[in-house]
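Comments concern the structure below.
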Amino acid sequence: MRLSQSFYKTLKEIPKDARIPSHQLMFRSGMIQQLSSGIYNYLPLALRSIRKIEKIIREELDSRGCEEVLMPAVQPASLWQESGRWDLYGDLLLRFKDRKGNDYCMGPTHEEVITDMVRRNLKSWKQLPWNLYQIQGKFRDEFRPRFGLMRGREFIMKDAYSFDVDVESAKKSYWKMHEAYTAIFSRCGVRFRAVDAATGEIGGDMSQEFQVLASSGEDLILSCDSCNYAANIEKAVTTSTGGTPDETAFKALETVDTPGQKTIEEVSSFLGAEASGFLKSLVYESDSKPVLVLIAGDRDVNESKLQAALGSGVLRMASNTLVEKTMGTSPGYVGPVGVSSEVFVVADLSVTRGINWISGANEKDKHIRNVNLRRDFNPDKVIDIAFAAAGDSCPKCSGGKLEEHRGIEVGQVFYLGNKYSKMMDCSFLDEEGESQPAEMGCYGIGVGRTMAAAIEQNHDENGIIWPVPIAPWEVVVLPLQLNDEAVVEAAETIYESFRMAGIDTMIDDRNERAGFKFKDADLIGYPVQVVLGGRSVAAGNAEVKFRESGEKSEMPLDDVVVVVRDWILERRQGGAE
RNA sequence: CGGGCUGUAGCGCAGGGGGAGCGCGCCUCGUUCGGGACGAGGAGGCCGUCAGUUCAAAUCUGACCAGCCCGACCA
């Protein structure tokens with residue numbers, strides 16, 4: 001392609017709405033432009049990269065026996081009513097009516113449609129397993145779109161769904177997709193980790209996210225410094241830290257006045273005690289029933305763990321009114337001692353680690369010292385409901401400590417079970433002639449987000465540094481003096497040779513000054529720049545610059561194509577560390 | 001959905017009751033030509049929309065719309 005004819009425009013200044021590097025660079029390099037909040041045009045540069053990511057996905061999935069389909073972006077409400085999600089999905093679902101007044105939505109995901117599609121065709125166990133995927137635009141009316149393609153409302157997603165005869169083979173399908181994802185992201189040239197993930201409303205306990213490591217990531221992940229354990233903080237397990245507390249060291253309960261001191265911070269400084277010695281007592285409302293939650297003062301409640309532990313549908317912090325009604329005091333003075341047996345009490349494992357806690361006294365302006373498990377309160381459940389944190393012991397190996405990283409979730413694999421197949425009657429006859437619901441899995445990859453994450457991870461102050469496998473163009477040829485015939489001829493010859501060699505090549509044939517072209521080339525991030533300047537060409541040479549290392553080398557014009565081609569071919573298959 | 005901010009040329013911004021401006025970008029000419037050149041000339045805006053106040057509104061008031069930030073939420 002000739003840059004002089006290309007539909008693109010670079011900007012020197014950073015648009016004010018772009019906050020993170022990938023967004024700024026995609027904007028500045030002319031890859032994307034915003035049409036509306038969270039909705040973008042993909043210009044040629046961006047689309048080329050996206051197509052490459054899609055090609056990698058297709059190759060890895062097709063070679064593992066998956067088949068591509070394409071489902072509609074617009075979906076009838078009836079299917080969503082059947083699965084029960086028409087009411088559950090909330091405002092994230094963009095709904096509208098057609099001319100006849102029937103309800104529709106823009107598909108935010110395709111479990112319903114695929115389940116419907118499969119059930120029309122599935123008769124016998126002999127047909128399975130199936131694994132169907134598509135690459136589709138999805139729409140989710142995000143509360144807060146941000147960071148460009150990182151969290152848009154309309155976005156390109158690869159979603160796949162597996163259908164198996166039983167749990168065992170469904171898990172095989174799951175791990176096969178896990179393997180495919182590992183191959184895909186390696187080939188895209190990003191540094192990533194597969195981490196245990198929370199399963200949200202769908203339930204089940206088998207799900208992993210593929211997280212690209214980047215400081216701007218929205219997700220917090222924890223990984224062990226000595227084994228392969230890694231999990232999203234939403235999911236990361238904490239373990240009990242102590243043995244049996246020494247009951248002989250229990251001291252007598254003592255009520256203290258703490259006028260106006262409500263938060264752990266306030267009370268701890270008022271009493272001169274560490275936050276870790278406090279028993280934080282929170283009242284939640286789980287499916288309209290109050291639950292008292294106890295946790296060490298230096299820990300935070302992980303609501304997704306709590307929700308899973310309680311098996312609740314809707315979980316939220318109780319209103320002040322409900323707290324008063326349940327505990328007889330306002331938030332700030334709530335504690336576990338003397339709680340009505342009507343109230344369900346859940347304690348985090350951290351509560352077992354210490355003795356002589358300080359907690360609220362269930363009386364305004366008063367706290368109690370020396371509160372002890374079993375002697376003074378008996379939780380109905382003691383279970384891991386805390387957020388894990390950096391420095392915690394690894395739940396999987398002995399001696400390992402957890403480290404914290406930020407990540408961008410680019411993919412998730414999910415074992416679904418038979419929730420949808422049961423709800424929507426997607427079943428087959430097994431070997432005994434019995435009707436069985438299919439065991440399902442679903443698997444997503446954010447295609448645009450993967451591209452953004454790659455930029456987030458691979459850039460410097462001058463611009464993007466594309467990994468070769470997903471670079472829009474692999475090489476740019478830069479003739480520096482268009483009025484120098486030898487330069488132009490050398491550039492055109494090399495450009496043609498690259499094209500013949502199957503290298504994706506751009507030639508910057510614009511009549512611009514050298515510095516201008518260099519800046520643009522660095523910004524757009526071509527992995528290789530072949531620079532043809534008057535002096536070098538006169539000496540029979542070209543200069544080759546590698547974007548990532550910044551390394552430049554002068555070489556004979558005749559060698560350029562072979563050297564650069566070999567360098568590119570070595571890297572096309574990706575394989576980040 | 002709560003709290004906050006912003007809408008003036010393609011981008012970044014200044015102005016703040018009576019002439020619509022600056023930088024970058026764009027067009028023409030000349031000089032320049034290896035890290036976003038310089039000079040001269042030029043094109044480009046219903047100052048987000050609608051209403052109100054006023055002799056007069058980009059400017060004041062109100063409503064609405066849009067975008068952004070913080071929070072809550074999230075496959």
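Protein chains get the first letters and strands the later ones, always in sequence-line order, with residue 1 at the start of each.
For the C1' atoms, the distance from B:G36 to B:C5 is 32 Å, rounded to whole Å. Look at the C1' atom in both B:A58 and B:G16: the space between them is 8 Å, to the nearest Å. For the P atoms, the distance linking B:G2 with B:U54 amounts to 35 Å, nearest Å. The same atom, P, is picked in B:C13 and in B:A37; the two are 22 Å apart, to the nearest Å. Atom name P, nucleotides B:G48 and B:A66: the rounded distance is 16 Å, in whole Å. Taking atom P on both nucleotides, B:A56 is separated from B:A51 by 15 Å, rounded to a whole Å.
As a whole-Å value, the separation of A:Met317 CE from B:C73 P is 11 Å. Rounding to whole angstrom units, CZ of residue A:Phe147 and C1' of B:C70 are separated by 11 Å. Taking atom NZ of residue A:Lys16 and atom P of nucleotide B:C24, one finds them 20 Å apart after rounding to whole Å. Here B:G67 presents its P atom at 16 Å from CZ of A:Phe143, a figure rounded to the nearest Å. As rounded to whole Å, 7 Å separates atom P of B:G12 from atom CG of A:Asp17. Across the protein-nucleic acid pair, A:Arg28 atom CZ and B:G36 atom P stand 14 Å apart, rounded to whole Å. Between the C1' atom of B:A66 and the CG atom of A:Leu35 lies a distance of 13 Å, rounded to the nearest Å. If you take CG of A:Asn232 and P of B:C74, they are 13 Å apart, rounded to a whole angstrom.
Closest-nucleotide positions on RNA chain B for A:Pro15 and A:Arg153 were compared, and the one nearer the 5' end corresponds to A:Pro15.
Applying the 4.0 Å criterion to OP1 and OP2 of B:G67, one finds that A:Gln34 has every side-chain N and O outside that range. Put simply, A:Arg513 has no side-chain N or O that comes within less than 4.0 Å of OP1 or OP2 on B:G35. A:Arg535 has no side-chain polar atom (N or O) that falls below the 4.0 Å cut-off from OP1 or OP2 of B:G34. Taking 4.0 angstrom as the limit, A:Ser36 places none of its side-chain polar atoms (N or O) nearer than this to OP1 or OP2 of B:A66. In this structure, A:Ser37 does not reach the B:A66 phosphate: none of its side-chain N or O atoms is under 4.0 Å from OP1 or OP2.
Interface remark: the A:Glu543 side chain does form a donor-acceptor pair with the B:G34 base, using a distance-only criterion of under 3.5 Å. Between the side chain of A:Arg146 and the base of B:C68 there is no donor-acceptor pair of N/O atoms closer than 3.5 Å.
Aromatic ring orientation, A:Phe185 versus A:Tyr181: perpendicular (interplanar angle above 60°, classes split at 30° and 60°). The aromatic rings of A:His23 and A:Tyr40 lie perpendicular to each other, with more than 60° between the two planes, well past the 30° mark.
Taking a pair as Watson-Crick or G-U wobble with both distances under 3.5 Å, RNA chain B forms stems of 3 or more consecutive pairs at B:1-7 with B:65-71, B:10-13 with B:21-24, B:26-31 with B:37-42, B:48-52 with B:60-64.
Residues A:Phe210 and A:His178 bring their aromatic ring centres within 6.0 Å. The aromatic ring centroids of A:Phe546 and A:Trp567 lie less than 6.0 Å from each other.
Residue A:Glu112 forms a salt bridge (Lys or Arg N to Asp or Glu O under 4.0 Å) with just one option from A:Arg85, A:Lys419, A:Arg119, and that option is A:Arg85.
Geometric assessment of A:Arg95 against the ring of A:Trp80 yields a negative cation-pi assignment under the 6.0 Å and 45° thresholds.
For CD of A:Glu218, the number of neighbouring non-hydrogen atoms (other residues, nucleotides, ligands) closer than 6.0 Å is greater than 12.
Contact annotation for A:Asp520: base contact, defined as any heavy-atom pair under 4.0 Å involving a base atom.
Considering only heavy atoms from C-beta on, A:Met177 stays 4.5 Å or farther from A:Arg64 through its side chain.
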